[in-house]
Amino acid sequence: MYGRVYASILQRAANSLTLYSGAQFQHAHAIAICCSQSHLPHCHFSSWFPSNGDESGNWSKSQRHLSTRQDLDFQQSRVQINSILRSNEQSKGMLFGVFDGHGGWACAQAVSERLLYYIAVAMMQRHSLEELEKCMEHSRPIPPILQWYKHHTDFNYRESASLYIDNLRVFWQEILDSDEHESGMSPQDALDYAFKRLDADISLEAQVPLSNDLMKSTAIQVAFAGCTACVAHVGMDGIHVANAGDCRAVLGVQNEDSSWSALPLSRDHNSQNQAEVERIKAQHPPSESNTVVTDDRLLGVLMPLRAFGDVRFKWSRELQQSILASLESGVDLDSLNLYQYTPPNYLTPPYLDVSPEITYHKLRPQDRFLILGTDGLWDELGSEEAVRLIGEHLSGIHLQAPVSQSERKLKLGQMHELLLKRQVRASPALDTNAATHLIRHALGTGDYGELSQEKLASMLALPEDLARMYRDDITVTVVYLNYDLARSHHN
């Protein structure tokens, strides 16, 4: 985080947590902020000073002014006061993202580092992009495009940093060449354009000559691995969510009776989404309708139906073989999670793209928080249950519905089970971090809804080669919202 404290519609910093079951960087999360700031220009004032002619030290009003005006009007109206105070303020949105890697961690790592920069550049005004370009031309330090909230253990591809900056610069140069880019793209257009452009850059970087073998092998590794992504832009009025794959964004809504309900802001792109399956089938000949999605996977192999990277489902066979053959003969492809393999029934590529599905939700007083989670979370918890857990964690109130007529007829054993479940819901939270609270319940909930220390311990202690059989990696970010602050922005 650079420099200052910024005002936003966030009630407090987002809670986030990543839990790994395999490779360390299989998942990544990212939070970045564009500034919300204000400064007051030089203005008129009167001060109190001791009078030079009064030896007693009594205070008298000095007629010193930072103005040529003889008389100052102190009867400013509310409109005038607000106009002065707000004349130089800026309010920008915040970006949050979760990224779920497959086929290795390389693609998720690269996308988590780069995607938010592409989105920010697409939203920047022309004069800001021109300033970036001047800094590059004259080898001056570049002003920060984003201000990040990052964990101290976050990893960066240092050897590829120059390549990433060069391609980001090409991106903003192309935007500057456009006659239509003055005030920046809307959040919806920026999200859509950034997703597609970054994926195109990942593909191109794996095909062109690069300055050294390490950079080349990294670029190929990133392109052949894959990554799903769910990114939210939280503005003063509402939330835009861009999703590609099976991560999920869910809004926590507090009802009038203080209960909680979940409002999905994204749809999973997998075989359970019939509209998504039909979308992919429509892109290929009717003769492939039975082979495009088989065994609930793309070509029988890949579960998410949209993703970054995964060029094995995008490039032609010939291009794949050519690129892998271009690596130095001494490179161990297995160590890079690369191998000569083509999915079955690979007849009319591409079968996969990263086009994000974008939704917009206008914020309301009852919208209290946003959950972004990778599919590992949603494999264990439903959206409604996740929202209830965070809502009760936030409010400290655990609502219990009255015992229904049917429940009153339960047998003794069944009634005991019901009481155990109700007792669990009234138990105090163990974690101050809401994301940790959610993962604890996702992995440690027992048969009656109770938290089982034994189950949690066993799930966390599983060796790497077994963990995948019992749970997926999990990344969660919880964003608390403050509608009152957003509303005051317009008053």
Side-chain angles (χ1 to χ4, degrees), residues 14-31 96-102 105 108 112 151 153-154 227-228 230 245-250 252 260 262 264 266 268 270 272 303-304 369-394 396 398 417 420-480:
N15 292 172
S16 59
L17 180 67
T18 300
L19 178 70
Y20 306 109
S21 67
Q24 185 178 3
F25 298 104
Q26 193 77 0
H27 290 284
H29 65 274
I31 302 173
F96 300 87
V98 290
F99 309 93
D100 186 357
H102 50 264
W105 53 266
S112 70
H151 195 271
T153 61
D154 281 356
C227 168
T228 62
C230 187
D246 49 13
C247 296
R248 190 183 302 174
V250 178
W260 296 92
S266 66
D268 300 347
N270 54 30
Q272 305 307 307
M303 291 193 72
F369 55 85
L370 174 69
I371 303 173
L372 297 175
T374 57
D375 66 320
L377 174 70
W378 310 114
D379 288 344
E380 307 296 336
L381 289 177
S383 297
E384 292 288 345
E385 178 67 3
V387 165
R388 183 189 67 78
L389 285 166
I390 297 301
E392 293 179 354
H393 182 272
L394 171 64
H398 306 271
E417 180 179 328
L420 284 175
K421 290 181 178 179
R422 293 169 72 90
Q423 182 181 9
V424 167
R425 291 191 58 174
S427 301
L430 298 176
D431 305 293
T432 57
N433 184 292
T436 305
H437 177 71
L438 208 53
I439 292 180
R440 181 186 297 274
H441 279 264
L443 297 182
T445 299
D447 295 337
Y448 301 115
E450 82 285 4
L451 272 175
S452 168
Q453 284 297 114
E454 291 184 2
K455 181 178 179 181
L456 190 59
S458 62
M459 292 293 278
L460 295 176
L462 288 169
E464 184 176 316
D465 56 342
L466 290 179
R468 281 290 189 178
M469 299 173 61
Y470 295 92
R471 64 171 176 86
D472 198 355
D473 303 337
I474 301 175
T475 295
V476 181
T477 293
V478 180
V479 184
Y480 292 103

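Residue numbers count from 1 along this sequence. The shown structure was predicted, so the numbers you read here are calculated from the model rather than taken from an experiment.
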For a quick test of reading the model, state the closest non-hydrogen atom pair linking Arg248 to Cys230 and the distance between them. C-SG, 4.1 Å
Check Pro304 against Thr228 and note the closest heavy-atom contact, atom names and distance. CB-CG2, 3.6 Å
Using atom types as modelled and distance alone, determine if a side-chain donor or acceptor of Glu380 lies under 3.5 Å from a backbone N or O of Leu443. no
Phe369 and Trp260 aromatic ring geometry - parallel, tilted or perpendicular at 30°/60° bounds: tilted
Which residues pass the side chain to side chain donor-acceptor pair (under 3.5 Å) test with Glu385, sequence neighbours left out? Arg388
Could you state the interatomic distance from OG1 (Thr477) to CG (Leu370), rounded to the nearest 0.5 Å? 9.0 Å
Counting heavy atoms not belonging to Met303, are there more than 12 under 6.0 Å from its CE? no
From Thr432 OG1 over to His393 NE2, what is the distance, rounded to the nearest 0.5 angstrom? 6.5 Å
Any side-chain heavy-atom pair from Asp473 and Asp100 closer than 4.5 angstrom? no
Give a yes or no on whether the backbone of Asn433 and the side-chain of Asp431 come within a donor-acceptor separation of less than 3.5 Å. no
Side-chain donor/acceptor of Thr374 to backbone N/O of Thr475, under 3.5 Å: yes
Contact between Leu389 and Leu381 at the side-chain level, heavy atoms closer than 4.5 Å - yes or no? yes
Using atom types as modelled and distance alone, determine if a side-chain donor or acceptor of Ser452 lies under 3.5 Å from a backbone N or O of Gly446. no
